[in-house]
Student: 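If you scroll down you'll find the structure; I have some questions about it.
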Amino acid sequence: MINKAQHIARIVQNSIERTYSVQDLSISIERTKDERFGDFSTNAAMMHSNRLKESPMSIGEKLCRDINKSLSKDLLADKVELVKPGFINFYISKKFWIDIFREVVLVGKNYGRSNTGDGKKILVEFVGSNPTGPLNVVSARAASIGDSLCNILSFNGYDVKREFYINDAGEQISRLVESLIARYTQIHDPCFEFPDDGYHGDYVKDMAEELNRVYKGKSLLNKIDDDVWFRCRHFILSSQKRDVENFGVKFDKWFSEKELLHDSDKITDTLKKLEERGFTRKKDDATWFQSTKLGDDEDRVLVKSNGVPTYFLADIAYHLDKFNRGFDKAIDFMGPDHHGHIGRLKMAMKALGIDEKWLDIFIVQQVNLMRNGEKIKMSKRAGRFETMKDLVSEVGKDAARFFFLMRTQSSHLDFDLNLAKEESSKNPVYYIQYAHARLCNILKHAEAQKVSIEEIEIANTELLDKAEEVELAKTLAGFEDTCEARVLTYAPHKIAGYLLKLAGIFHNFYNKHRVVTGNKELTAARLLIVKSTGIVLANGLRLLGISAPKKMQNKD
RNA sequence: GCGCCUGUAGUUCAGCUGGAUAGAACAACAGAUUCCGGAUCUGUAGGUCGGGGGUUCGAAUCCCUUCAGGCGUACCA
């Protein structure tokens, strides 16, 4: 399939060559936002007005005349027109658009797929957190965005791996173990004091109960017990795994900071490498990364004065490990509290001689849960905070994912719980899913009327000339551009927006035109529309990790 | 103090590398259905793109400045 925009760019380029004998002028072709300006437009006449030493309108006029002359009508465009400041607008012929319905049905599940990635290996790290408690709503947001991005990258020919980084080394988990032992001790001695900076959540009490079944009241105080540590980590991690799985995300690897970095030589190797490259220095018994050499305000600690490596050093080692595993690119999604970390990590990569473009890091911004128009206060210290699990059980996986995917990751999101739960047209997820269910129902109805698949496949598309039909064709054609990785790589929300638009156009079409009628030929042609729309909706929803139901559940 | 994110309709947000009269959803108001699911559709109204400068054929978009909100600025992770 020839890309329409490229096709038009070629035409314009040729015309410039003929008219001005100038080559190598870059031409950009855009889809117009407004129908009145045709389907595609180019600003070439304005862009190159300086170089050609002529006014935009004058250039445009010449090009337009030339293009019109060379364009045979049945090819691509009905009309080419010059407008006001100097835009040249192309009106694509209906027939050219209508062909898309058959193409979509032929390509099916693969419609929208591309090979721009060319098998390049990409590692996407997201959600990853301390195993110190249940995953929260920001993790859920990261899970939606990260997972969907992976789907989109795969769809565009990249070889994608999903990875979850477990921060199971360091202070935080030690503090959790401390809290756990305190809760455990409290079972037998209610007066036992709980540490101020401990983890207050109820899940710690649940773990303590479980611990009690094993240790049966034996004192665990004044003793750092590997077994308790291990049980604690296991308890948290398996619940996190369950949450993520229920959210429809499958990680290729759960990367343990402790096992795979600290218990190996990777940390010391990384440190050695930084030393060799002249980026470390000693001060106050600690080892520092000389990030000031790369423009940072101050140097950063790699190894604390007590000899323990920092999270920062471990993360450098982790990323070096990713690089050594042969990935062409790494993408990280981090929580809003990590943003100070980004610059430093990138500097460290630079210090190690890794190309800056190899690593992209994005911040997934915070989430405010709204109920009845009011913000829900989250307090991690008090142990009350909205978890991913609660969110999914309250609004469902599909709604949760869609709401997160409607927005760019950088926006501070207000999540409206009431709206997400509502089973009505106000709720965009249901709106899209209903479009899919509705069209499945039409196909089922047609089947009952004994319309065969063969009839649909050989349908006469020339019968399709209604405005709503052409609009659907144009919109379906737009799915390819929407999926194109270049535009879309870090913006799954565009798929969500696209699906919403497509669903709306379909509902409109449905209301204006009856599909299954006594007119067999027209019925077949319209069923082709229905079928292709269904394919595109399903493909889009699949990229978002949201189901495309054949029928909607009854309200009551 | 410094750094990052955000500021667009009553509300929540789109707006791709600058483009033509700044879009959508929800809320508001007015309408549509003998028939494939009304969980639907159509229409109306709603804006000094936080403010002020600059760059150019042309700015919500780029640059400078200023105001407001959030976050970060640990030998925590």
Side-chain angles (χ1 to χ4, degrees), chain A residues 28 30-34 36-37 41 43 46-47 49-50 55-56 83-87 89 129-130 132 167 169-173 175 257 283-288 297-298 300-312 314-315 335-343 363 365-366 368 370 373 406-408 410-416 419 422-428 430-431 433-435 437-446 448-449 481 484 486-488 491 493-494 496-497 500-501 503-504 506-512 514-517 523 526-527 530 551-555:
Chain A
S28 83
E30 284 174 2
R31 225 24 251 280
T32 53
K33 286 182 207 152
D34 194 316
R36 283 164 309 169
F37 304 126
S41 93
N43 56 6
M46 290 180 287
M47 287 284 289
S49 147
N50 263 342
S55 80
V83 179
K84 286 187 264 176
F87 289 102
N89 296 334
S129 71
N130 296 318
T132 53
N167 296 135
E171 305 269 322
Q172 300 297 330
I173 189 157
R175 252 178 37 207
E257 178 185 352
K283 189 191 144 199
D284 305 333
D285 294 326
T287 310
W288 299 67
D297 300 335
E298 49 188 319
R300 309 289 167 174
V301 175
L302 294 168
V303 183
K304 301 183 220 171
S305 48
N306 63 5
V308 177
T310 58
Y311 165 80
F312 179 44
D315 212 25
D337 52 335
H338 273 66
H339 88 242
H341 184 65
I342 295 178
I363 292 288
Q365 276 297 346
Q366 61 203 36
N368 291 318
M370 309 288 286
M406 276 198 300
R407 307 291 179 228
T408 56
S410 61
S411 70
H412 302 211
L413 176 72
D414 282 353
F415 191 111
D416 187 337
L419 180 61
E422 194 158 322
E423 296 184 353
S424 78
S425 58
K426 289 178 204 163
N427 187 339
Y430 284 82
Y431 185 78
Q433 290 185 323
Y434 179 53
R438 171 175 259 179
L439 101 217
C440 286
N441 204 51
I442 298 173
L443 291 169
K444 206 171 120 197
H445 179 77
Q449 304 295 309
D481 301 330
E484 175 81 41
R486 179 176 57 78
V487 185
L488 213 265
H493 74 281
K494 285 183 185 172
L500 218 41
K501 182 175 147 207
F506 179 75
H507 284 307
N508 181 21
F509 160 77
Y510 173 90
N511 271 274
K512 286 235 171 76
R514 210 185 146 77
V515 176
V516 182
T517 62
T523 297
R526 290 206 168 136
L527 283 170
V530 171
K551 62 166 87 162
M552 300 300 274
Q553 307 269 324
N554 277 332
K555 252 180 176 172

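Protein chains get the first letters and strands the later ones, always in sequence-line order, with residue 1 at the start of each.
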Student: For A:T517, which contact category applies under a 4.0 Å heavy-atom criterion: base, sugar-phosphate, or nothing?
Tutor: nothing
Student: Let's see if you can work this out: which of B:G15, B:C4, B:C76 has an atom nearest to the side-chain heavy atoms of A:H493?
Tutor: B:G15
Student: What do you reckon, is NZ of A:K304 surrounded by more than 12 foreign heavy atoms closer than 6.0 Å?
Tutor: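 Atom NZ in A:K304 is packed in, count exceeds 12.
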Student: Indicate, with a heavy-atom threshold strictly under 4.0 Å, whether A:Y510 touches base, sugar-phosphate, or nothing.
Tutor: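 Base, at least one base heavy atom under 4.0 Å.
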Student: Can you check whether A:K426 has a side-chain N or O nearer than 4.0 Å to OP1 or OP2 of B:A27?
Tutor: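 True: A:K426 side-chain N/O within range (under 4.0 Å) of B:A27 OP1/OP2.
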Student: Please state whether the rings of A:H338 and A:Y311 are parallel, tilted or perpendicular, taking 30° and 60° as the class boundaries.
Tutor: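 A:H338 vs A:Y311 ring planes: perpendicular.
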Student: With the side chain of A:R407 defined as its heavy atoms from C-beta on, choose the nearest nucleotide among B:C36, B:A14, B:C75.
Tutor: B:A14
Student: When the C1' atoms of B:U42 and B:U33 are compared, how many Å lie between them, rounded to an integer?
Tutor: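 12 Å, rounded to whole Å.
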Student: Does the structure show A:F87 stacking with B:A20, if we require the centres to be closer than 5.5 Å and the planes to be within less than 30 degrees of parallel?
Tutor: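 Stacked: ring centres under 5.5 Å, planes under 30°.
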Student: Look at A:K283 and B:C75 and indicate whether a side-chain polar atom (N or O) is within less than 4.0 Å of OP1 or OP2.
Tutor: no
Student: For A:F506, is the NZ or CZ atom of A:R438 found under 6.0 angstrom from the centre of its six-membered ring and inside 45 degrees of the ring axis?
Tutor: no
Student: Could you tell me whether A:Q433 contacts a base, only the sugar-phosphate backbone, or nothing, with contacts defined as non-hydrogen atoms closer than 4.0 Å?
Tutor: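 Touches nothing.
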Student: Give a yes/no on whether any side-chain N or O of A:K304 is located under 4.0 angstrom from OP1 or OP2 of B:A77.
Tutor: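 Yes, within the criterion.
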Student: Would you mind classifying the nucleic acid contact of A:R36 as base, sugar-phosphate or nothing, using non-hydrogen atoms under 4.0 angstrom?
Tutor: base
Student: Which nucleotide, B:U21, B:C75, B:G3, lies nearest any side-chain atom of A:D284?
Tutor: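 Nearest to the side-chain atoms of A:D284, counting from C-beta on, is B:C75.
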Student: Reckon A:T408 touches a base, only the sugar-phosphate, or nothing at all at heavy-atom distances under 4.0 Å?
Tutor: sugar-phosphate
Student: Provide the distance between the two P atoms, one in B:C63 and one in B:G72, to the nearest whole Å.
Tutor: 26 Å
Student: Report the residue (A:L419 or A:G340) whose heavy-atom-nearest nucleotide on RNA chain B is the more 5′ of the two.
Tutor: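 Nearest nucleotide further toward 5': that of A:L419.
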Student: Check every strand shown and say whether A:A169 touches a base, only sugar-phosphate, or nothing at a heavy-atom separation below 4.0 Å.
Tutor: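 Here A:A169 touches the backbone only, sparing every base.
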Student: Taking for each residue the nucleotide of RNA chain B with the nearest heavy atom, is it A:W288 or A:K551 whose nucleotide lies nearer the 5' end?
Tutor: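 By nearest-heavy-atom nucleotide position, the 5'-most residue is A:K551.
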Student: For B:C76, does OP1 or OP2 lie under 4.0 Å from any side-chain N or O of A:R175?
Tutor: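 No, outside the criterion.
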Student: What nucleic acid atoms does A:S410 come within less than 4.0 Å of, heavy atoms only: base, sugar-phosphate, or nothing?
Tutor: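 The answer is sugar-phosphate, as A:S410 gets under 4.0 Å only of primed atoms, P, OP1 or OP2.
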Student: Do you know the tightest heavy-atom contact between A:I442 and A:L527?
Tutor: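 A:I442 and A:L527 have their closest heavy atoms at CG2-CD2, 4.2 Å.
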Student: Quick one: is A:Y430 getting a side-chain N or O under 4.0 Å of the B:C26 phosphate, OP1 or OP2?
Tutor: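 So the side-chain polar atoms of A:Y430 never come under 4.0 Å of the phosphate oxygens OP1 or OP2 of B:C26.
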Student: For atom P, what is the distance between B:U65 and B:C29, given to the nearest Å?
Tutor: 47 Å
Student: Please state whether the phosphate of B:G19, meaning OP1 or OP2, lies under 4.0 angstrom from any side-chain nitrogen or oxygen of A:T32.
Tutor: no
Student: What nucleic acid atoms does A:L413 come within less than 4.0 Å of, heavy atoms only: base, sugar-phosphate, or nothing?
Tutor: sugar-phosphate
Student: Could you check whether A:P428 gets within reach of a base, just the sugar-phosphate, or nothing at all, counting any heavy atom under 4.0 Å?
Tutor: nothing
Student: Would you say the side-chain atoms of A:S41 pair up with the backbone N or O of A:T32, donor to acceptor, closer than 3.5 Å?
Tutor: no
Student: Mind checking A:N508 for me? I need base, sugar-phosphate or nothing, with any heavy atom below 4.0 Å counting as a touch.
Tutor: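 Sugar-phosphate contact only - A:N508 comes under 4.0 Å of backbone atoms but never of a base.
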Student: Can you find an N or O donor on one side and an acceptor on the other, under 3.5 Å apart, linking the side chain of A:D337 with the base of B:G72?
Tutor: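 Per atom types, no contact qualifies.
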Student: Measuring from the side chain of A:E298 (C-beta onward, heavy atoms only), which nucleotide among B:C13, B:G15, B:U73 has the closest atom?
Tutor: B:U73
Student: Please pick, from B:C5, B:U21, B:C36, the nucleotide with the shortest atom-to-atom distance to any side-chain atom of A:H445.
Tutor: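 Comparing B:C5, B:U21, B:C36 against the side chain of A:H445, the answer is B:C36.
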